[in-house]
Amino acid sequence: MTNILCIGAGFVGGPTMAVIAKHCPEHCVVVVDINAEKIAAWQSDQLPIYEPGLKEIVLGVRGKNLFFSTEVDRHITEADIIFVSVNTPTKTFGQGAGRAADLQYWEKTARQIVENSTSPKIVVEKSTLPVRTAEAMERILNSNEKGLFFDVVSNPEFLAEGTAVDDMRNPDRVLIGGRQTPSGQKAMQAIVDIFAHWVECERIITTNLWSSELSKLAANAFLAQRVSSINAIANLCEKTGADVTEVAHAIGADSRVGSRFLRASVGFGGSCFKKDILNLVYLCEFYGLYEVAEYWEQVVKMNEYQQASFVSKMVTAMFNTVASKRIAVFGTAFKAHTSDTRESPALAVCRELLDEHAQVVLTDPYALESARADLGAVADQVTFEPDPYAAAQGAHAIALATEWPQFAELDYAAIYETMVHPAFIFDGRNILDHKALHAIGFNVYAIGKPPLTHFENPLPAA
Ligand code: UDX
Ligand code: UDX
C-alpha cells in the first residue's frame, strides 16, 4: 500500500484524487486543505464543487480509501507520494504583478513538507507552475538537515471543468516529467504506475521536467488561441455577412486543423486560460523574448475585446442605451456543466452592463452562489434569480452568456410574451435556434452572424 496525499482540495485536487482512489483500491488517498469549510463539504453529501459524475465516485470510495482532512502536518508525515494542487493565482503585487504566478502558497507548502517529513518522499507538481519551478522546489526540499531526499515530479492536470471526471478516466494523455537521474526515473515510474491502473501505457507520456512544466502552459495557450482566433474571425463575419458557424465548420473540416475548440463565443473564461497565458508572457519577457511575449498576449487582449464588444453591440442595438432597462443574463458559469464563475465572461458582461446603468438579473442552474461571491462589491446591485422565466419577465433583453443546454430548451414564445417589446436576445454562445426566435418576434443578435431583426433599418452592429 502506498500513502498518497494531495494538498489542496479544489477543482483539481478533489476530482483527481477521487478517480485515483477509485482505480487504485490498494492505495490510501488523503486530500487535505487549510480551508476547514471545504473539507467539511467534501465529507458531506453537498460536495463543494459540481462536476458531473463526481458525487457517485466520491460516495463510492470515501471512508474506504479516500479521506478528507485538515490535518496537513500529520498526513505529510505519513505520505509516500504528495501531489500539490494548491492554487497559483496571478500575482497582484510587486515584480510581475498582473502576469507572473504567485508562488507563495507553493513555497509555503514545500517548506511545510520539509518540516513534517521523517522519510524521503516524491513530491508531484499538480498545480500549473512557471517553467523551472521544480528546480526551486528541489532546492527548498533538499536543503534540509535531516538527510532526507525528495524527488520532484511534474504531472500537470489537463482536466477541463464540467468534464473533469471523464477527462481523468479517459485522458487523451497523462504527462509525467522528471529528472533523468536513476532516482528521478524511479520517482516518475511510481507516478506512471498509479495511472497505469486505468490508462493505456501509450497514453502516458514521460518527459524531462521542463518539457512537462512548459507543455501545460503551452497546451492552454494553444487552446485559448483557437478561441481567440475564431472570435477574431467572428468579428469580421459580422461586418461582411459571413456566418462564423459555417466558417468554423469549413476550417475545422481540414484534418490538420480539426473541428474542436472553434466555437465562437462571448469569450473564454475559467481559472486557467488567462492566468496561464499571462504566465507564459511573463516567462518570455523574463528571457528577453519580447516578440514572443507580445504574440501570446494578443490572445488575452482579443478575449477582453470580445467580452467588451458584446456589451457595446447590445447597447448599440438597443437604441444606444440600456440605462434602467432590465436585462436578463442567462448563465453565470464560465462554461456549461460547472458551478465555477472564475474569470467568467458572464460576469464581465454583467459588470459592463452595470456600468451602463442597466438593471441586471442573473440566472444559472448551478453557479449563482459563486457568481455572488465573485462579483464582490457590485453583487448587491444585481438580482439573482434561479428561474430563467422569472429572470426574463419584464426584461428588455436576454443576454445568453453560458451554453447550458437547458437554455436552448426553454419556451421562448412564453418568455417573449412576458418581456418588454421590442424584445432582444443576444446569444453569446450561438446555441439557440435563431430563426425560430426571430419568428416568435425577437430581435436576434448572435456571435459572428448577421442579426435577425424586425426593424426596417436595423442599427448596424458596432
Ligand atoms: C489550482 C490552480 O489554480 C491551478 O493553476 C492548478 O493547475 C491546480 O490547482 P484549482 O484546484 O482550481 O486549481 O484551485 P482551487 O479550487 O482554488 O483549489 C486550491 C485549494 O488549495 C484551495 O481549496 C485552498 O484552500 C488550498 N490551499 C491553498 C491549501 O490547502 N494550502 C495553501 O497553502 C493554499
Ligand atoms: C482548460 C483546459 O481545457 C484544460 O485542459 C486545463 O487543464 C484547464 O484549462 P477549462 O478552463 O476547465 O479547461 O475549460 P475549457 O473547456 O478549456 O474552456 C475554457 C473556456 O473557453 C470556457 O469559457 C469555454 O466556454 C470557452 N470556449 C471553449 C469557447 O469559447 N469556445 C470553444 O470552442 C471552446
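Just the heavy atoms: all of them, side chains too, but no hydrogens, waters or symmetry mates, feed the values below.
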With a 4.5 Å limit on heavy-atom distance, are the side chains of Ile82 and Ile7 in contact? yes
Using the six-membered ring of Phe68, assess whether NZ or CZ of Arg62 lies under 6.0 Å from its centre and within 45 degrees of the ring axis. no
Expected output: side-chain Asn142 to main-chain Phe150 donor-acceptor under 3.5 Å: yes
Consider only side-chain N and O atoms of Asp102 and Gln104, and report whether a donor and an acceptor are under 3.5 Å apart. yes
Any non-hydrogen side-chain atom of Ile447 less than 4.5 Å from a side-chain atom of Arg429? no
In short, Trp296 meets Ile277 closest at the heavy-atom pair O-CG2, 3.4 Å
Okay, side chain of Asp427, backbone of Ile431: is any donor-acceptor separation there less than 3.5 Å? yes
So, do Phe67 and Trp42 have ring centers that fall under 6.0 Å from each other? no
Sort out for me which residue in His23, Glu26, His27 forms a side chain to side chain donor-acceptor pair (under 3.5 Å) with His197. Glu26
Ignoring hydrogens and geometry, is there a side-chain-to-backbone donor-acceptor pair from Ser309 to Tyr305 under 3.5 Å? yes
Run the salt bridge (charged side-chain N to carboxylate O under 4.0 Å, His left out) check on Glu304 and Lys301 step by step: do they pass? CA-CA 5 Å; Glu304 283 162 0; Lys301 284 192 186 156; over 6 Å; no
What class does the angle between the rings of Tyr50 and Trp404 fall in, given that below 30° is parallel, 30 to 60° is tilted and above 60° is perpendicular? tilted
Yes or no on side-chain hydrogen bond (donor to acceptor under 3.5 Å, both in side chains) for Lys335 and Thr402, after CA distance, side-chain angles and deciding distance? CA-CA 5 Å; Lys335 63 190 274 198; Thr402 311; over 6 Å; no
Expected output: side-chain Ser370 to main-chain Ser339 donor-acceptor under 3.5 Å: yes
Return yes when atom CD of Gln46 has more than 12 non-hydrogen atoms of other residues, nucleotides or ligands closer than 6.0 Å, and no otherwise. no
Let's go through Glu115 and Arg111 carefully: what are the C-alpha distance in whole Å and the side-chain angles of both, what is the deciding distance for salt bridge (charged side-chain N to carboxylate O under 4.0 Å, His left out) to 0.1 Å, and is it a yes or a no? CA-CA 6 Å; Glu115 270 164 38; Arg111 293 185 190 280; over 6 Å; no
Backbone N/O of Val86 and side chain of Ser127: donor-acceptor pair under 3.5 Å: yes
Tyr366 OH: over 12 foreign heavy atoms closer than 6.0 Å: no
Are Leu262 and Arg226 side-chain neighbours, meaning at least one heavy-atom pair lies under 4.5 Å? yes
Under 4.5 Å between any side-chain heavy atoms of Asp276 and Lys216, yes or no? yes
Please determine whether a side-chain nitrogen of the Lys or Arg among Glu78 and Arg74 lies less than 4.0 Å from a carboxylate oxygen of the Asp or Glu. yes
Would you check if the side chain of Asn87 reaches a backbone N or O of Pro89 as a donor-acceptor pair within less than 3.5 Å? no
Measure the shortest side-chain to side-chain distance between Phe11 and Glu161 over non-hydrogen atoms and say whether it is less than 4.5 angstrom. yes
Do any N or O atoms from the side chain of Ser344 and from the backbone of Thr341 form a donor-acceptor pair under 3.5 angstrom? no
Going by atom types alone, do Asp80 and Thr2 pair a side-chain donor with an acceptor below 3.5 Å? no
Taking the six-membered ring of Phe334, is NZ or CZ of Arg342 closer than 6.0 Å to its centre and within 45° of its axis? no
Test log, rule side-chain contact (heavy atoms from CB on, under 4.5 Å), inputs Asn3 and Ile81: CA-CA 7 Å; Asn3 283 322; Ile81 298 175; over 6 Å; no
Donor-acceptor check, side chain of Asn65 to backbone of Cys28, threshold 3.5 angstrom: yes or no? no
Do the side-chain N and O atoms of Lys449 and Thr245 include a donor-acceptor pair separated by under 3.5 angstrom? yes
Strictly by modelled atom types, are Asn235 and Gln306 linked by a side-chain donor-acceptor pair under 3.5 Å? yes
Side chains of Val30 and Ile4: does their closest heavy-atom pair fall under 4.5 Å? no
Would you please say whether a donor-acceptor pair under 3.5 Å links the side chains of Ser229 and Gln225? yes
Can you tell if the side chain of Trp106 reaches within under 4.5 Å of the side chain of Glu125, non-hydrogen atoms only? yes
Of all heavy-atom pairs linking Lys91 and Gly96, the shortest is CB-O, 4.0 Å
May I ask you to decide whether Arg173 forms a salt bridge with Glu202, counting only side-chain N to carboxylate O separations under 4.0 Å? no
Distance-only, no hydrogens or angles: does the Lys146 side chain make a donor-acceptor pair with backbone N or O of Val114 under 3.5 Å? yes
Counting neighbours of CD on Gln95 that are heavy atoms of other residues, nucleotides or ligands and sit closer than 6.0 Å, is the number greater than 12? no
Between the side chains of Thr90 and Lys275, is a donor N or O closer than 3.5 angstrom to an acceptor N or O? no
Dump the intermediate steps for side-chain contact (heavy atoms from CB on, under 4.5 Å) on Arg179 and Asp151, then the final yes or no. CA-CA 8 Å; Arg179 287 285 190 189; Asp151 280 295; 5.8 Å; no
For Asn116 and Gln112, which I'm curious about, is there any donor-acceptor pair between the side chains at under 3.5 Å? no
Output all residues satisfying side-chain contact (heavy atoms from CB on, under 4.5 Å) with Glu343, sequence neighbours left out; order by chain, then residue number. Lys274
Heavy-atom nearest pair, Val84 first then Thr109, reads CG1-CG2, 3.8 Å
Using a cut-off of 6.0 Å, state whether more than 12 heavy atoms not belonging to Phe286 lie near its atom CZ. no
Tell me yes or no: between the side chains of Asp167 and Thr163, is some donor less than 3.5 Å from an acceptor? yes
For the pair Ser215 (side chain) and Ser211 (backbone), establish whether a donor and an acceptor sit closer than 3.5 Å, ignoring hydrogens and angles. yes
Any donor-acceptor pair under 3.5 Å linking the side-chain atoms of Ser228 with those of Asn303? no
Glu352 vs Met314 side-chain heavy atoms within contact, under 4.5 Å: no
Establish, for the pair Arg132 and Trp210, whether the NZ or CZ atom is under 6.0 angstrom from the six-membered ring centre and no further than 45 degrees off its axis. yes
Taking every heavy atom of Pro15 against every heavy atom of Gly10, the minimum-distance pair comes out as CD-O, 3.6 Å
Take atom CD of Glu135 as the centre, draw a 6.0 Å sphere, and report whether it contains more than 12 heavy atoms from other residues, nucleotides or ligands. yes
